[in-house]
Amino acid sequence: MRVYLPCTLPALARVLAEGELGPAPLTGYAVTPALVEWYASGDTEELEYVALTDAARASLRMLAADRADGVKAAARRVVVAAEVPDDEVSTGAEPEERARVRLAAAVPMTRIAAVHVDEEAAAADIEAAIAALPEADRGDEDARFTVDGAEAHELLWYATQEMPDLLG
């Protein structure tokens, strides 16, 4: 199963250093039966884009958490795409989390298929979205608009061989 795992650039550096994304359990996003049922008119590519977008939203929250913990992280969302055996993936039961999955094991580098990352030009909008998250969570419509603005930026695709270049 293709799973999209939210990440940050510092976490991606740990993946390279440790040879795996972990520790488990991990939260990811995938084309689940609930997503297929909800998005009945979409093809596989569209459904995978929904899962990727959900993972990018989670990456934004990871960036905000890193900042709150004093971790200096570039304002770029990161999503790791991995091929994970079905028996290591469980789906949630919450309707609003249709694409969310949990992984029972860390993901070794050999299962990572690609990495999706914001281009540097998106940094200002990502910074604004990070700053607006608390107000957006409290229901402020302007803040939600700012957070949604981060999604206007498409994540760029990188092969696993390019991961060191993203960090350098």
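Since the model is a prediction, treat every value here as computed from it, not as a measurement. Every heavy atom of this structure was used, including side-chain atoms; hydrogens, water molecules and symmetry mates were not.
There is a side-chain donor-acceptor pair under 3.5 Å between Glu154 and Tyr49. With 3.5 Å as the limit, one finds a donor-acceptor pair spanning the side chains of Thr27 and Arg102.
Between Thr160 and Ile112, the shortest heavy-atom distance links the atoms CG2-O, 3.2 Å. When all heavy atoms are compared, the tightest approach of Val3 to Gly28 is CG1-CA, 4.0 Å. Closest approach of Ala30 to Leu35, counting heavy atoms only: O-CD2, 3.8 Å. Listed here is the closest heavy atom pair of Val107 and Ala82: CG1-CB, 3.7 Å. Ala129 and Val147 make their closest contact through O-CG2, 3.6 Å (heavy atoms, listed as atom of the first residue, atom of the second, distance). Taking every heavy atom of both residues into account, Ala150 and Arg77 meet most closely at O-NH2, 3.1 Å.
In this structure, CG in Asp148 is found 9.0 Å from CD in Glu141, a value given to the nearest 0.5 Å. Annotation: the span from Leu9 atom CG to Asp66 atom CG amounts to 10.0 Å, rounded to 0.5 Å. Within the model, atoms CG of Leu5 and CG of Leu103 stand 5.5 Å from one another, a figure rounded to the nearest 0.5 Å. Put simply, CG on Leu12 and OG on Ser59 are 10.0 Å apart, with the number rounded to the nearest 0.5 Å. Note that CG of Leu21 is 5.0 Å distant from CG of Leu26, once rounded to the nearest 0.5 Å. Going from atom OG1 of Thr91 over to atom CG of Asp86 covers 11.0 Å, rounded to the nearest 0.5 Å.
Under 4.0 Å is where a charged nitrogen must lie from a carboxylate oxygen, and between Asp137 and Arg61 at least one such pair does. Salt-bridge formation is not detected for the pair Arg76/Glu119: no Lys NZ or Arg NE/NH1/NH2 atom is positioned less than 4.0 Å from an Asp or Glu carboxylate oxygen. Using a 4.0 Å cut-off between charged nitrogen and carboxylate oxygen, Glu83 and Arg2 count as a salt-bridge pair. Taking a cutoff of 4.0 Å between a charged side-chain nitrogen and a carboxylate oxygen, Arg67 and Glu127 qualify as a salt bridge. The pair Arg111-Glu88 counts as a salt bridge, with a side-chain nitrogen and a carboxylate oxygen less than 4.0 angstrom apart.
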From CA spacing to verdict: side chain to side chain contact (heavy atoms under 4.5 Å, CB included), Met163, Val15 = CA-CA 10 Å; Met163 288 169 60; Val15 170; 4.2 Å; yes

Please test Leu52 against Val79 for side chain to side chain contact (heavy atoms under 4.5 Å, CB included), starting from the C-alpha separation and ending with a verdict.
-> CA-CA 7 Å; Leu52 173 66; Val79 175; 3.5 Å; yes

For Val117 and Tyr158, what are the C-alpha separation, side-chain angles and deciding distance, and is it a side chain to side chain contact (heavy atoms under 4.5 Å, CB included)?
-> CA-CA 8 Å; Val117 182; Tyr158 293 91; 3.9 Å; yes

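Linking ILVMFWY side-chain heavy atoms closer than 4.5 Å, directly or via other members, places Val84 and Met109 in a single hydrophobic cluster. Taken together through direct or relayed side-chain contacts under 4.5 Å among Ile, Leu, Val, Met, Phe, Trp and Tyr, Met62 and Val71 form parts of separate hydrophobic clusters. Put simply, Leu167 and Leu156 are part of the same group of oily side chains (I, L, V, M, F, W, Y) that touch within less than 4.5 Å, one to the next. Tyr4 and Met1 sit in two unconnected hydrophobic clusters of ILVMFWY residues. Membership requires side-chain heavy atoms under 4.5 Å apart, directly or through other members. Hydrophobic clustering (ILVMFWY, side-chain heavy atoms < 4.5 Å, transitive): Leu60 and Val78 are in distinct clusters.
Put simply, the side chain of Glu135 never gets that close to the backbone of Ala132: no donor and acceptor are under 3.5 Å apart.
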